[in-house]
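Structure first, commentary second.
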Number of protein chains: 2
Amino acid sequence: MTPYYTDGQATIYHADAFDILPRLEGVGALVTDPPYSSGGAFRGDRMTTALSKYASSDSSAQRGIGFTGDNRDQRAFLAWCSLWLTACRGASVEGATFAIFTDWRQLPTLTDAVQVAGYVWRGVGAWSKKFGRPRAGGFSGACEFLAWGSHGALDAVPTYPAGVFECSAPPVRTRAHLTEKPEPVMAWALGNVAPGRLVLDPFMGSGSTLIAARLRGCSAVGVEIDERYCEIVARRLSQELPFDPPTMPSPGLWGRGAL
Amino acid sequence: MTPYYTDGQATIYHADAFDILPRLEGVGALVTDPPYSSGGAFRGDRMTTALSKYASSDSSAQRGIGFTGDNRDQRAFLAWCSLWLTACRGASVEGATFAIFTDWRQLPTLTDAVQVAGYVWRGVGAWSKKFGRPRAGGFSGACEFLAWGSHGALDAVPTYPAGVFECSAPPVRTRAHLTEKPEPVMAWALGNVAPGRLVLDPFMGSGSTLIAARLRGCSAVGVEIDERYCEIVARRLSQELPFDPPTMPSPGLWGRGAL
DNA sequence: GCCGAGAATGAATCCATCC
DNA sequence: AGGATGGATTCATTCTCGG
């Protein structure tokens, strides 16, 4: 339980999420982008490495770091998500929200899992990338989805994020992580999180969640199993502007929880 | 099995879908907008009429025709969808596509049902209404979703509809049906249907699917249990421009099926 | 016909009351 | 106790209407 990195605002643990989550508390928002275990209707299509699955095969970008934990079938994915989501909810204050990215194929399994874990599922947002790969005879896959909800009643935080957010996906060659979300997309995903809350990302990757949390005036905890990403994110955090504690709207009006 | 209305292009049956579907054949595309049985996290919120559920209580629009069959719980909704989807697939040619509207809450149940029925689920499109009712502390519900896929292999029809379609919802009082889809939205939903195919809508409502099919150069069958809508649609179809058989791309190149 | 100001609206949700 | 009913709430977009 020794952090890999910590400063006034952000803390990184180099560990498996299951080793850290049981010891956390005070979480006000879960915002994450777990491995989708998706890609392909057949088992064989899922069993390749993350790199060859998600770096499009006709690009020159088949390089970079891959990531692990992306080979579960539907039943295992449901069980695994239910477990880490249960642990996250256990670390959360009443009224904490969640916002979890997924693709169309895993959305039903993920929404089952959040409910198995005891969260209240309250909606689905859509990140429109504007251009998906076209597909003859089919609709292009131009969206990723954001399942959101809360632990118990929803705090009426006076924010009104849109249900659809439009933002082009960055080119693969500029990403630190294969499935890295653009910064505006992460800011959108944090759009209903009250400043001052503690944001948790158990699958930190390149750390976009932690950066977005900092910009929003939130503290944050990231957990990442691959040390190379921990190093990258620690460097990013050191170079970003220092954390300014929230001076934004009166916290007293922003509901219960870790304010 | 006597049509309520028929012309060279469109046929309407005033009946329950289950009475008609077993006797249909040659369907090349299922495009429909079934009752969602949605609305509210609690059973009580689903058990009111469609009008009071969906015509917002603060508007002056609590009038007009409602619709039935919108009060099923999750288990019943899954079973019911599985049954009519099975019947639709039975009436379909190999390679026929489906495109079915639903809201965020029923999307997982619907995608289960299409797979129970033997269809291949291939993706989710999103109709963005640009603006949904705002919700403090939450993402606005600005989307309806379009689950799509095929009966067997997907024909490589050379069309590339977008995964996200943006179109404002028209005001309730200008609609013939409470949940009527704008014409551009239906045209989008038919975006991967080859002209000349037979389009089926077992929950016809105000007939937007049939109109969109006509504009696309497709024949169409609609089934509707409420005679008032049958009458409205028959009138719409009589007043629309007559059907021009497709003169569009060479049908031979557009795959198998009802061309 | 064009423009701007003001009004209306929403495939809701939550909760207090009433049966 | 549990289901049914009705009111309050929210704001970007669309609609309406007058100039």
Side-chain angles (χ1 to χ4, degrees), chain A residues 95 97 120-126 148-150 152-166 188 191-192 253-255, chain B residues 32-74 77 81 100-107 109-110 125-147 165-182 184-186 189 203-206 208-209 229:
Chain A
T97 56
V120 182
W121 174 40
R122 294 182 184 276
V124 175
W148 73 273
S150 63
L154 183 67
D155 287 338
V157 177
T159 58
Y160 301 85
V164 179
F165 189 76
E166 198 165 288
W188 168 65
N192 66 337
L253 297 175
W254 289 54
Chain B
T32 193
D33 190 22
Y36 294 176
S37 288
S38 197
F42 305 102
R43 184 167 168 274
D45 288 323
R46 281 191 306 273
M47 293 301 146
T48 54
T49 66
L51 261 180
S52 67
K53 277 159 67 175
Y54 302 134
S56 82
S57 56
D58 53 13
S59 82
S60 53
Q62 300 237 23
R63 59 196 175 72
I65 313 176
F67 55 93
T68 58
D70 198 57
N71 297 307
R72 296 178 178 86
D73 70 14
Q74 289 282 320
F77 185 73
C81 287
I100 304 167
F101 285 96
T102 182
D103 69 354
W104 63 271
R105 197 189 295 280
Q106 299 294 32
L107 180 59
T109 305
L110 181 70
W127 167 33
S128 166
K129 306 178 196 179
K130 295 188 178 170
F131 188 74
R133 173 167 290 206
R135 177 171 194 185
F139 296 79
S140 78
C143 266
E144 283 181 45
F145 299 100
L146 186 71
F165 188 78
E166 197 165 290
C167 178
S168 297
V172 166
R173 69 181 176 292
T174 65
R175 303 179 203 165
H177 190 279
L178 186 53
T179 66
E180 181 176 333
K181 300 287 174 287
V185 172
M186 294 312 302
F203 307 100
M204 182 184 68
S206 59
S208 303
T209 303
Y229 291 120

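Keep in mind that this is a model prediction, so the values were computed, not measured. Note that these values count all heavy atoms, side chains included, but never hydrogens, waters or copies made by symmetry. So that the names make sense, note that chain A is the first sequence line, chain B the second, and so on, each numbered from 1.
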Are B:Tyr36 and the base of C:dA11 stacked, counting only ring centres nearer than 5.5 Å and planes tilted under 30°?
yes
If you assign each of B:Gly132 and B:Ala169 to its closest nucleotide in DNA chain D, which residue comes earlier from the 5' end?
B:Gly132
Residue list, ring pair (Phe, Tyr, Trp, His ring centres under 6.0 Å) with A:Trp188, at least two apart or on another chain:
A:Phe165, B:Phe139
With heavy atoms under 4.0 Å as the rule, sort B:Trp127 into base, sugar-phosphate or nothing.
nothing
B:Arg135 vs B:Lys130, nearer the 5' end of DNA chain D by closest nucleotide
B:Arg135
OP1, OP2 of D:dT10 versus side-chain N and O of A:Tyr160: anything below 4.0 Å?
no
Which nucleotide, C:dA12, C:dA11, C:dT13, lies nearest any side-chain atom of B:Asp33?
C:dA11
So, does the side chain of B:Lys181 form a donor-acceptor pair with the base of C:dA11 at under 3.5 Å?
yes
To the nearest Å, how far apart are B:Arg133 CZ and D:dT10 P?
11 Å
Looking at D:dC11, C:dA12, C:dA11, which one has an atom nearest to any side-chain atom of B:Lys129?
C:dA11
Taking both distances under 3.5 Å as the test for a Watson-Crick or G-U pair, what stems of at least three pairs does DNA chain D have?
C:2-10 with D:11-19, C:12-19 with D:2-9
Taking the side chain of B:Arg175 as its heavy atoms from C-beta onward, which of C:dA11, D:dT13, C:dA12 lies nearest to it?
C:dA11
Point-to-point distance, once rounded to the nearest 0.5 Å, from CZ of B:Phe203 to CZ of B:Phe101:
14.5 Å
Looking across every strand, which nucleic acid part, if any, lies under 4.0 Å from B:Thr179 by heavy atom: base, sugar-phosphate, or nothing?
base
Between C:dC14, C:dT13, D:dC11, which one does the side chain of B:Pro134 approach most closely?
D:dC11
So does B:Asp70 reach the base of C:dA11 with its side chain, donor to acceptor, closer than 3.5 Å?
no
Qualifying residue, where the test is side-chain hydrogen bond (donor to acceptor under 3.5 Å, both in side chains) with B:Thr179 and the options are B:Lys181, B:His177, B:Arg175
B:His177
d(CD1, B:Ile65; P, C:dA11) in whole Å:
18 Å
For nucleotides 2-7 of chain C, print each protein N/O atom paired with a nucleotide N/O atom at under 3.5 Å, atom names and distance only.
none

A:Tyr160 side, atom OH; B:Ser140 side, atom OG - distance, nearest 0.5 Å:
11.5 Å
Between C:dG10 (P) and B:Asp103 (CG): distance, integer Å:
17 Å
Say whether, by atom type as modelled, one donor and one acceptor occur between the side chain of B:Gln106 and the main chain of B:Thr102 under 3.5 angstrom.
no
Would you mind telling me which of C:dC14, D:dT13, D:dT9 lies closest to the side-chain atoms of A:Arg122?
C:dC14
Under 4.0 Å between a side-chain N or O of B:Arg105 and OP1 or OP2 of C:dT13?
yes
